[in-house]
Amino acid sequence: MDQLEIPETPYPRLAPVKTHLQTLMTQALRQLQAEGALAGIESPAIPVERSRDRTHGDFASSVALGLAKMARCKPRDLAERIVATLPTSERIARVEIAGPGFINFFLTPGAYQAVVAEILDQGETFGRSTFGGGRRVQVEFVSANPTGPLHVGHGRGAAFGATVANLLEAVGYQVHREYYVNDAGRQMNILAASVWLRYLEHCGEQLPFPSNGYRGGYVRDLAARLYTEHGNAYLVSAADLFRDLPQDEIRDDAGTVIVPGDKEAHIDALVERARAQLGDHRYRYIFELGLNAILDDIRADLQEFGVVYDEWYSERTLEERGAVNKTIQRLRDAGQIYTKDGALWFRSTAFGDEKDRVVQRENGQTTYFASDIAYHLEKFERGFEWVIDVWGADHHGYVPRVKGALQALGENPDRLDVLLVQFAILYRHGERAPMSTRSGDFVTLRELRDEVGNDAARFFYVMRKSEQHLDFDLDLAKSQSKDNPVYYIQYAHARVCSVVRQQHEKDLPRDEQRGRDHLALLTEPHEEALLIALARYPEVVEMAALNHEPHQLAQYLRELANAFHSYYNEHRVLVSDDGLRDARLSLSLATRQVIRNGLRLLGVFAPEVM
RNA sequence: GCGCCCGUAGCUCAGUUGGAUAGAGUGUCGGCCUCCGAAGCCGAAGGUCGUGGGUUCAAGUCCCGCCGGGCGCGCCA
């Protein structure tokens, strides 16, 4: 499993120029060692990074600062010796020592310009790498219970998970995208009961709708559909139905308890009653009706959002195979199960959890946790070397118990990474949009997509670090101006397309080879800045992928677009000189390619015209 | 109370895994279209990085204590 870990060295696999510099410095250090200096020092990882400040060159290394103590000399002196020993390279214009002992590298113009040809050669594969070596990683995300339509919170998990998956694929992992469908659990029974109760109301029955039932409008819609298609075939007396049930908990609109009760016991009993009164066949029909309608809606919603899955994994199939009971048995065999108060408990405290957890309730039902253990165990058994779960941050307390269970079963919990995504808060006209799941009054993902469009939604969702609360400004997402980063980036792409159209309209000849032959003419400061931005792309993709940080890519694309807009504003592409014109067209096309590649990873469309 | 996450420009956020003088966008103020799309560009102003210690050549970044905000702490999922 070691090979799956993100390498300890902060510089796992770097863009060609960086590795080139590292190689040169490694050679220099070896040379110094051969000469007797730096005795006893193991060849260290050599830090090289892009300089923040242009006066510090293009790349900087702090090796000398790190090794000075062991070498027992001043950092600047060590830097001097390394630089003096450094092999020459045509990609390096000059090397300087600065500050406390940094080694600053200044690249030759040719080293910048080469990236244009590289991008044009590689096309849509530019920025991809083989870092992952084809290892199989599973990314499970969204996995919302099919008890209602997706809301805006799920949307962030969808955009984030899909982008993380795309990024990992881009750096060479074999990615399996999966949605875990909770189609077996108690919540589904509650949905079925809710639909049926609304149906009874539709038939004219009076009844106290349970506090734990699903109240969304879609439940009534399903109930109405049941009535339209089957009339009174599912009608029973509501009075009989509710007789002698455990007292429900009743609250007023403000959420204050008016009548105390056990809402869980109430709803469970109600589900049982429903089953008994309807009989297996009719009950099953309503259950399936609700499940299928909602799941179809979720599937379509995500697909329209550009989120596609390799597999929709059914919890029910786990149960039907007996996997849940088998897993509990395995935990029991491992000595980690005990009985208390009639329930079965997993001793998760033995694995760092705060308290032990129930896997089977007193009434015999296995818990959500139990099937989740079975599911995660099965992920490993299916051959995934690395498993990533994307969860809402409110589930963070759940992490230790799942990892603990895996450990108890002899699996390595480090093979599971749980990425937590904070909620998104919608703002409209500077005001917080109401968002309450309790009453069923929430903004759905579909409503959001309809309002701001898929592109803006995808981009805004991943614009911020996932563990950061997201303020989603609806008005900004809809605006078509530079204020809106999505339009800003897309506009840069469309602009290049427009230049190409102009070139055709003006009948200006273009020769790709001539463009490549004249890349050396790209020496304007704006051109240099753009070339550097383009060269950074593979590094950005790699860092974004390995750290699970799509926002890095989003941020980068804005910077790249800015570099292009600035250049475009300052210089004409379609100049009369053939060589310069073709070189600038090549640069523009390379920019378009990178924007397109980056947006694709984010699931955002790259338009030719806007 | 305990645990996890977050405190960086008026606002929304980055900050290259510990590097050099902390950066963008937005907002405010001021400039740029006879010229490839002004859905754009350029400039100015704006900071005790919540706070107090510690670690070291070097801390916004790592450790500890406070302060403030969010979430979690069910035989719910």
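We name chains A, B, ... by the order of the sequence lines, and we start the count at 1 in each one.
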List the atom pairs, with distances to 0.1 Å, where a side-chain N or O of residues 423-431 of chain A and a protein N or O form a donor-acceptor pair under 3.5 Å, not counting sequence neighbours.
{"from": "A/Arg428", "atom 1": "NH1", "to": "A/Glu451", "atom 2": "OE1", "distance (Å)": "3.0"}
{"from": "A/Arg428", "atom 1": "NH1", "to": "A/Glu451", "atom 2": "OE2", "distance (Å)": "2.6"}
{"from": "A/His429", "atom 1": "ND1", "to": "A/Asp475", "atom 2": "OD1", "distance (Å)": "3.4"}

Under 3.5 Å, sequence neighbours excluded: what are the donor-acceptor pairs made by side chains of residues 499-509 of chain A?
{"from": "A/Arg501", "atom 1": "NH1", "to": "A/Glu608", "atom 2": "O", "distance (Å)": "3.3"}
{"from": "A/Gln503", "atom 1": "NE2", "to": "A/Leu508", "atom 2": "O", "distance (Å)": "2.9"}

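At a threshold of 4.0 Å, the pair A/Glu264-A/Arg186 counts as salt-bridged, since one of the basic side-chain nitrogens sits closer than that to a carboxylate oxygen.
Contact annotation for A/Asn104: base contact, defined as any heavy-atom pair under 4.0 Å involving a base atom. A/Glu467 comes within 4.0 angstrom of sugar-phosphate atoms only, judged by non-hydrogen atoms across all strands, and of no base.
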Pairwise N/O distances under 3.5 Å, protein to nucleotides 54-61 of chain B:
{"from": "B/C57", "atom 1": "OP1", "to": "A/Lys69", "atom 2": "NZ", "distance (Å)": "2.5"}

Below 3.5 Å between N/O atoms, which protein atoms pair up with nucleotides 23-33 of chain B? Just atom names and distances, please.
{"from": "B/U26", "atom 1": "OP1", "to": "A/Lys482", "atom 2": "NZ", "distance (Å)": "3.1"}

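Contacts of A/Arg156 classified as salt bridge (Lys or Arg N to Asp or Glu O under 4.0 Å), with partners at least two apart in sequence or in another chain: none. Evaluation of the salt bridge (Lys or Arg N to Asp or Glu O under 4.0 Å) rule for A/Glu549 yields no partner, not counting sequence neighbours. Every residue meeting the side chain to side chain contact (heavy atoms under 4.5 Å, CB included) condition with A/Ala393, not counting sequence neighbours, appears here in chain and number order: A/Leu420, A/Gln422. Taking the ring pair (Phe, Tyr, Trp, His ring centres under 6.0 Å) definition, one finds that A/Tyr214 meets it with nothing, sequence neighbours left out. Residues meeting the salt bridge (Lys or Arg N to Asp or Glu O under 4.0 Å) test with A/Glu319, sequence neighbours left out: none. For A/Glu315, there are no salt bridge (Lys or Arg N to Asp or Glu O under 4.0 Å) partners two or more places apart in sequence or in a different chain.
A side-chain donor from one of A/Gln490 and A/Asp455 sits under 3.5 Å from a side-chain acceptor of the other.
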Q. How does RNA chain B read in dot-bracket, base by base from 5' to 3', with Watson-Crick or G-U pairs under 3.5 Å and | used when the partner is on another strand?
A. (((((((..((((.....[...)))).(((((.......))))).....(((((..]....))))))))))))....
Q: If a protein heavy atom is under 4.0 Å from the base, mark B; if only from the sugar-phosphate, S; if neither, -; do that for nucleotides 68-77 of chain B going 5' to 3'.
A: --SBSSBBSB
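Close to B/G15, at under 4.0 Å from its OP1 or OP2, lies no side-chain N or O of A/Tyr556.
Each of A/Lys465 and A/Val609 lies near RNA chain B, and the nucleotide nearest A/Lys465 is the one positioned closer to the 5' end.
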